[in-house]
Amino acid sequence: MIKKIVALLCLFILSGCSSYNSIDSFYEKHKNDNEVTAVRVPRFMLSMLGNISPEMSSIIGNTKDLRFMQFSSTTAQRTKLLNDQMNLMTGSSFKEVFRKNDNEKRNVVAIREKRDAVKEILIYNNNSVQGSFLYFNGNFDPEKVRQISKNQDFTKLSNGIINQFNMSGTPGIYPNKVENKN
């Protein structure tokens, strides 16, 4: 009986620690930082983003949650902090499928799988001036994810999100809206 209680207590503690290093906690922690653009795409807008390419349309159609965040990373301390936080997140429960390190600059693509499907995709970039992440949650075909990665369509999607929400400063659909929680 004591072994079961200790095992449950350990499981509870571990689950609490893992949620600290989640997309939700990272997003909540940094969405109000200075020089941050944070977007949580509502479901009705996902179909508009699917028009970027046929491959993106197939990914977008299976997406339940899509988030994008762009943030300032102009000091060495800030870059290190962001890189360390992403390393904790991707190292604990994601499988890295691509990583390129150049001193403090980072390009990382990581996924979470369940059986034969990719459930989550996280793309993190930090060039020591500006950082960003693009996050998908849904059911994705691993082969399509590989193809989209190879064709750099995730970069096109990041640009499409910025354009769709018109964050360049010109009037648009949501000129004053930076974040939308669903």
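What you see is a predicted model; the values in this text were computed from it and never measured.
The distance from the CG atom of Asn127 to the CD atom of Glu104 is 12.5 Å, given to the nearest 0.5 Å. Rounded to the nearest 0.5 Å, atoms OG (Ser25) and NE2 (His30) are 8.5 Å apart. We find the CD-NZ distance between Glu120 and Lys64 to be 10.5 Å, quoted to the nearest 0.5 Å.
Pairing each heavy atom of Phe68 with each of Ser132, the nearest pair is CE1-CB, 4.1 Å. The two residues Ser73 and Gly131 come nearest to each other via the heavy atoms CB-N, 4.2 Å.
Side chain of Asp102 to backbone of Lys105: no donor-acceptor contact under 3.5 angstrom is found. Judged by distance alone, with hydrogens and angles left aside, the side-chain atoms of Asp141 form a donor-acceptor pair with the main-chain N or O of Glu143 at under 3.5 Å.
Each of Asn107, Thr90, Val109, Asn83 was checked for a side chain to side chain contact (heavy atoms under 4.5 Å, CB included) with Tyr124, and the lone residue meeting it is Asn83.
The cationic atom of Arg67 (NZ for Lys, CZ for Arg) lies less than 6.0 Å from the six-membered ring centre of Tyr27 and within 45° of the ring axis.
Residues Val118 and Arg112 are not in side-chain contact: their nearest non-hydrogen atoms beyond the backbone lie 4.5 Å or more apart. Side-chain atoms of Arg106 and Arg99, non-hydrogen and from C-beta on, do get closer than 4.5 Å to each other. Counting heavy atoms from C-beta on, the side chains of Leu122 and Met89 come closer than 4.5 Å. Using a 4.5 Å cut-off on side-chain heavy atoms (C-beta onward), Leu82 and Phe26 make contact. In this structure the side chain of Met69 reaches within 4.5 angstrom of the side chain of Lys31, judged on heavy atoms. Proximity of Gln70 to Glu35: side-chain heavy atoms (C-beta onward) are nowhere separated by under 4.5 Å. Using a 4.5 Å cut-off on side-chain heavy atoms (C-beta onward), Phe133 and Ile123 make no contact.
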Could you walk me through whether Arg78 and Asn126 satisfy the side chain to side chain donor-acceptor pair (under 3.5 Å) test, starting with their C-alpha distance in whole Å, then the side-chain angles of each, then the deciding distance to 0.1 Å, before giving a yes or no? CA-CA 11 Å; Arg78 175 85 171 157; Asn126 193 330; over 6 Å; no
Go through Leu66 and Arg40 one step at a time and tell me if the side chain to side chain contact (heavy atoms under 4.5 Å, CB included) criterion holds. CA-CA 6 Å; Leu66 176 60; Arg40 188 166 186 180; over 6 Å; no
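Atom CG of Asp116 has 12 or fewer neighbouring heavy atoms from other residues, nucleotides or ligands inside a 6.0 Å radius. Counting heavy-atom neighbours within 6.0 Å of Asn103 CG, excluding the residue itself, gives a total of 12 or less.
Here Lys95 pairs with Glu113 in a salt bridge; the nearest charged N to carboxylate O distance falls below 4.0 Å.
Partners of Asn137 under the side chain to side chain donor-acceptor pair (under 3.5 Å) rule, at least two apart in sequence or in another chain, are Tyr135.
Note on Phe140: it clusters hydrophobically with Phe98, by side-chain heavy-atom contacts below 4.5 Å among ILVMFWY residues.
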